[in-house]
Amino acid sequence: MKTFKLGYAPTRRFVFSAEDAFKYKVMIREKIASFGLDIDIVDLEGLNNEGLLYDDHINADQIAARFKEEKVDAVFFPHCNFGTEDTVARVGKALGKPVLLWGPRDEAPLEDGMRLRDTQCGLFATGKVLRRFNVPFTYVTNSRVNDPVFERGFTNFIAAANVVRQFRNLRILQIGPRPASFWTMICNEGELLERFGIEIHPITLVDIQRASKQIEKGNSAALLAAMDYIKEKLDWSEVTEEDVRRIAALKVAMKQYAMQTGSTAIAIQCWSALQEAMGIMPCLANAILTDEQIPVTCETDIHGAITSVMVQAASMNTAPTFFADLTVRHPENPNGELLFHCGNFPVSLSVENKPKLRKHFLFDDHAPGTHEGEIQGGSMTLARFDGDHGDYQLFLGKARGIPGPYTRGSYVWVEVNDWPLWEEKLVKGPYVHHSVGIHANAIPALYEACNYIPGLTPDPVDPTEQEIQAWLRGARL
């Protein structure tokens, strides 16, 4: 994944202090560079003497051309004084990228009563003109450069824009059709392409079987590295060397297909034809790839794969996701729930130092390939992109890990604020029994990203929409 590029277009207006605007241009640039985000900043230096947006539409054309040439993923228009709203709107319209609108809070008027910037007034003007141009934008409260609310709003915008750029370039590698009995996994491929530009690249189980067997026969560096990883990270005493080789070969084959097809996620028909054809389960291969930022979802869950990419992007790709069944309620905690799958959670999340590589516990043939054990708790986000009848929503909720009884497979017990409310929303909404988790607070970024994805409505259960908005204005979440 290429580094995120931000277009930096500080703006001023001719009737206010050009000197003060220039000072704030430099100050804001230094401040956002101090946030520690892995981003490249493309500025306006060299387009005019000030590196500021302040001219008419000719200036807008030059700025838009630079940002297009540099392929920026979003653009930030800090109002260093009142700002030039029409030029901001023209650039925003020409780019079609997420837009951040903010300006530093003014100081007191001078002793003679004159004001240097009138930034807030300019923000009101630009917001209106952006609406006239039908440009969606993110707004961060007028605040001082060193205020925590600015850092919070800026970093959340970058994460939201990262979700948008990855969502707009989604291609899912589909390995096999959905299992026949899983009607919940039905999705509308044509609608995903028409509404969101999401592409599905299907291959058959025969394709992946052939590729895996070819890799298994050789001793490529990728195969040997995958085998070494399995032996180093897991207790594989319950399976054979041949099992390890077949699992590693499947992992390498899936990754090669993803790279060849430009796919950023995979949805696989994990049972039951695959283990009959190859003698293994794909769970551990799924887990390893998910740890490598190529999330793999079970049961050919296309919507789950979409969710995984979005959630991963909301963390700026700094944390792995895990793909889970919402399974059973906690035997004692009324707000507790089991997040489980057969053995596909990333190895890096395991509580045990060496989790077990085992044979599947549900099927009579007991094919090997499940990575079993509890994963770490702590705070996490749970999300689900889903839809039916042309209505798409993004479920969002926060949870925390809690103690619970041992169970087979990959699992973690969690507590939420009001499980009966969650349960009702999940059963009655356009959702299914699958969710995507991540050990990060991805909710505000995912919520904001929906602002730039027409046809996708955020559906937060905890925190509420009002609480998310208040957090972005500086409240606690």
Pair Trp471, Asn156: side-chain N/O donor-acceptor within cut-off below 3.5 Å: no
Is the closest side-chain donor-acceptor distance between Thr138 and Tyr452 under 3.5 Å? yes
Could you go step by step and tell me if Arg400 and Glu415 meet the salt bridge (Lys or Arg N to Asp or Glu O under 4.0 Å) rule? CA-CA 5 Å; Arg400 66 178 186 88; Glu415 181 181 45; 2.5 Å; yes
Check the angle between the aromatic planes of Phe196 and Phe167 and answer parallel, tilted or perpendicular using the 30° and 60° thresholds. perpendicular
Over 12 foreign heavy atoms within 6.0 Å of NZ, Lys233: no
With no hydrogens and no angle check, do the side chains of Asn188 and Glu194 hold a donor and an acceptor under 3.5 Å apart? no
Going by side-chain contact (heavy atoms from CB on, under 4.5 Å), Leu338 matches just one of Val328, Asp325, Val412. Which one? Val328
Do Asn146 and Lys31 have side-chain N/O donor and acceptor atoms under 3.5 Å apart? yes
So with a 6.0 Å cut-off around NZ of Lys213, is the heavy-atom count from everything else above 12? no
For Thr184 and His434, does a side-chain donor sit closer than 3.5 Å to a side-chain acceptor? no
For Arg210, does its backbone N or O pair with a side-chain atom of Ser212 as donor and acceptor, under 3.5 Å? no
Lys251/Glu292 salt bridge by N-O under 4.0 Å criterion: yes
Evaluate whether atom NZ of Lys231 has more than 12 neighbouring non-hydrogen atoms of other residues, nucleotides or ligands under 6.0 angstrom away. yes
With no hydrogens and no angle check, do the side chains of Tyr447 and Gln469 hold a donor and an acceptor under 3.5 Å apart? yes
Between Ser410 and Asn344, is any side-chain donor less than 3.5 angstrom from a side-chain acceptor? no
For a 4.5 angstrom cut-off between non-hydrogen side-chain atoms, does Leu123 reach Tyr139? yes
Sequence neighbours left out, what passes side-chain contact (heavy atoms from CB on, under 4.5 Å) with Glu238? Give chain and number order. Lys356, Arg358
Are any of the side-chain nitrogens in Arg165 or Asp73 under 4.0 Å away from the carboxylate oxygens of its partner? yes
Within the 3.5 Å criterion, strictly below it, is a donor on Ser143 or Thr141 matched to an acceptor on the partner's side chain? no
Test: Glu241 and Arg246 ion pair at under 4.0 Å: no
Derivation and outcome, side chain to side chain donor-acceptor pair (under 3.5 Å), residues Asp291 and Ser348: CA-CA 7 Å; Asp291 242 339; Ser348 66; 2.6 Å; yes
No-hydrogen, no-angle side-chain donor-acceptor test under 3.5 Å, Gln393 and Asp391: yes
Does Lys428 have any side-chain contact (heavy atoms from CB on, under 4.5 Å) partners at least two apart in sequence or in another chain, and if so, which? Glu424
Within a reach of under 6.0 Å around CD of Gln260, are more than 12 heavy atoms found that belong to other residues, nucleotides or ligands? yes
Tell me yes or no: between the side chains of Tyr406 and Glu374, is some donor less than 3.5 Å from an acceptor? no
